[in-house]
Amino acid sequence: MTAKRFRVSRVLLAVLLVTAAGGAGVWAGRTVLAPVVVPADLTPGEVLVEVVEASVGQTLNLGVLVSQPKRLLAVNARAGVVTSVSKSGEFASGDVLYAVDKIPVRAVVGGMPFYRELSLGKSGKDVGQLRDVLVKLGYLKAKGQAFDAATRSAVKAWQQALGMPATGVVGFGELVAVPKLPAVLLVDDQLAFVGGMLAGGEQLVWGAASEPVFSMELSAQQARLVPDSATISLPFQGKGWDAVIAEKQRSGLEETKLILSAPGGGSVCGSDCGLVSVGEAVNIVAQVVVVPPVFGTVVPVAALVTQPDGSTAVTVVDAAGVRRQQVVQVLGSQNGVAVVDGVKVGEQVQALADAPGIATSPPR
């Protein structure tokens, strides 16, 4: 009696591909699939699948914590009513941080704190920092450490541009020395807010203590799924950053902490670190490529057979029911399907173990 044959074709393979795609969902998500109904009296050799083209791989969506440690850069030196406060973010040389009694407090590059009033006849490193910003802003032509007549004229021009009285004198507390600009700065709006009173001595201006830290906290099960070679893509405020695993740390009895870096080393955010807020931590969803995608002709893993010589083969069945063993090269596999080289799109392969009743031809 001739055995009944059941051709699953694209349906079975489509289900297997959807299963593979399920790995790309958010962690702990589930892909619900309707089972393929196979007759109870069907023998394994009767399940045939049509070879198609598809991409096989696995991507997980996992949370990445982005944190930017902060350190104190400047203490407020002006007393009075706060009339404006700039939002925290990236500041350039000469930018206004906040204003007290409508006198703007500005950021200036320098390692020497501004500790006194600066006026005609003064000299020193703090005057040099003032002259540097005046040159950068185009109000002065030459740098130096003496507050001369040209410096006073430049200060007046700057004051006029800011809507201040053009006195030619820089009052104590009007300038804040910052090691590097442009830089991400935080003005503490809990202490400095419009209408609030400042007495002097408030810790107002903060900067980054280090580059932003990108980390992932994984459970033991998640850690087993993420190989050291995984590549990670992070979307953040319209930017796209690539990352790799730079370091693994144990953060608990069963938890693992991954520290991320740019593929070539250094901070993940590169030249865009100004987008990361100082002193805050945010969670973003990253795509973790666990198995790099491979595109090609796809067959079920259940169709693969290891030959005595160690090679891998599939059973190809033609329209007349004649089958042959075809040696293939596996290029990639995930979740029950494999991309192989050696078979053609449209051919039928036996999806389950060998069974009697089908005529065979020698392997190719």
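Nothing here was measured: the structure is a model prediction, and the numbers come from that model. Side chains included, hydrogens not; waters and symmetry mates left out as well; all remaining heavy atoms used.
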Practice task
Could you go through the side chain to side chain contact (heavy atoms under 4.5 Å, CB included) check for Phe114 and Val108 one step at a time?
Solution key: CA-CA 10 Å; Phe114 290 98; Val108 175; 4.0 Å; yes
Practice task
Show the numbers, then the answer: is there a side chain to side chain contact (heavy atoms under 4.5 Å, CB included) between Phe236 and Asp272?
Solution key: CA-CA 10 Å; Phe236 189 80; Asp272 298 319; over 6 Å; no
Which atom of [X] lies closest to which atom of [Y], heavy atoms considered:
X: Ser215; Y: Ile259; answer: CB-CD1, 4.0 Å
X: Gly207; Y: Leu185; answer: CA-CD2, 4.2 Å
X: Val316; Y: Gln326; answer: CG2-CB, 3.9 Å
X: Ser233; Y: Asp242; answer: OG-OD1, 3.6 Å
X: Gly266; Y: Glu211; answer: C-OE1, 4.5 Å
X: Val291; Y: Ser333; answer: CG1-O, 4.3 Å

Is the side chain of [X] donor-acceptor paired with the backbone N or O of [Y] at a distance under 3.5 Å, no angle test?
X: Glu347; Y: Val345; result: no
X: Thr312; Y: Val328; result: no
X: Ser55; Y: Pro293; result: no
X: Asp309; Y: Ser311; result: yes
X: Asp318; Y: Gly321; result: yes
X: Lys122; Y: Val127; result: no
X: Gln129; Y: Gly111; result: yes

May I ask you to test the [X]-[Y] pair for a side-chain heavy-atom distance under 4.5 Å?
X: Gln348; Y: Val49; answer: no
X: Val314; Y: Leu304; answer: yes
X: Leu162; Y: Arg106; answer: yes
X: Arg116; Y: Leu118; answer: yes
X: Val105; Y: Val205; answer: no
X: Leu198; Y: Val82; answer: yes
X: Ile232; Y: Met216; answer: yes
X: Val337; Y: Asn335; answer: no

Are [X] and [Y] in one and the same hydrophobic cluster, where Ile, Leu, Val, Met, Phe, Trp and Tyr link if side-chain heavy atoms are under 4.5 Å apart?
X: Val282; Y: Leu234; answer: yes
X: Leu130; Y: Leu181; answer: no
X: Val133; Y: Leu73; answer: no
X: Val64; Y: Val213; answer: no
X: Phe91; Y: Leu175; answer: no

Handout entry: Ionic contact status for Asp228 with Lys248, cut-off 4.0 Å
Key =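 Answer for the salt bridge query: yes.
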Taking atom [atom1] of [X] and atom [atom2] of [Y], what is their separation to the nearest 0.5 Å?
X: Leu258; Y: Ile245; atom1: CG; atom2: CD1; answer: 4.5 Å
X: Leu134; Y: Tyr139; atom1: CG; atom2: OH; answer: 9.0 Å
X: Met164; Y: Ile103; atom1: CE; atom2: CD1; answer: 4.5 Å
X: Cys269; Y: Gln68; atom1: SG; atom2: CD; answer: 7.5 Å
X: Asp132; Y: Leu137; atom1: CG; atom2: CG; answer: 11.0 Å
X: Glu90; Y: Cys273; atom1: CD; atom2: SG; answer: 10.0 Å

Practice task
Evaluate the side chain to side chain contact (heavy atoms under 4.5 Å, CB included) criterion for residues Gln287 and Asn61: first the C-alpha distance (whole Å), next the side-chain angles of each, then the deciding distance (0.1 Å), finally the verdict.
Solution key: CA-CA 5 Å; Gln287 292 188 334; Asn61 290 340; 3.4 Å; yes
Hey, can you pull the donor-acceptor pairs under 3.5 Å for the side chains in residues 148-159, sequence neighbours left out?
from	atom 1	to	atom 2	distance (Å)
Asp148	OD1	Ala150	N	3.3
Asp148	OD1	Thr151	N	2.9
Asp148	OD1	Thr151	OG1	2.7
Asp148	OD2	Arg131	NH1	3.4
Ser153	OG	Ala149	O	3.2
Gln159	OE1	Thr167	N	2.9
Gln159	OE1	Gly168	N	2.9
Gln159	NE2	Thr167	OG1	3.3
Gln159	NE2	Val169	O	2.9

Handout entry: Transitive ILVMFWY cluster of Leu186, excluding itself - 4.5 Å side-chain cut-off
Key =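 Its cluster mates, by chain and number, are Leu72, Val75, Val184, Trp206, Val278.
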Practice task
Determine, stepwise, if the pair Gln325 / Thr315 fulfils side-chain hydrogen bond (donor to acceptor under 3.5 Å, both in side chains).
Solution key: CA-CA 5 Å; Gln325 292 291 308; Thr315 300; 2.5 Å; yes
Exercise for the section: For Ser219 and Glu255, test the side chains for any donor-to-acceptor distance below 3.5 angstrom and give the result as yes or no. Expected result: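 No pair is found: no donor N or O on one side chain lies under 3.5 Å from an acceptor on the other.
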Handout entry: Name of the residue among Val290, Val288, Val289 meeting side chain to side chain contact (heavy atoms under 4.5 Å, CB included) with Gln58
Key =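 Result for side chain to side chain contact (heavy atoms under 4.5 Å, CB included) with Gln58: Val290.
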Exercise for the section: Could you tell me which residues satisfy ring-ring contact (aromatic ring centres under 6.0 Å, His included) with Tyr98, sequence neighbours excluded, listed by chain and number? Expected result: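 Partners of Tyr98 under the ring-ring contact (aromatic ring centres under 6.0 Å, His included) test: none.
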Problem - Working for side chain to side chain contact (heavy atoms under 4.5 Å, CB included), residues Val66 and Val268 - result: CA-CA 10 Å; Val66 185; Val268 172; over 6 Å; no
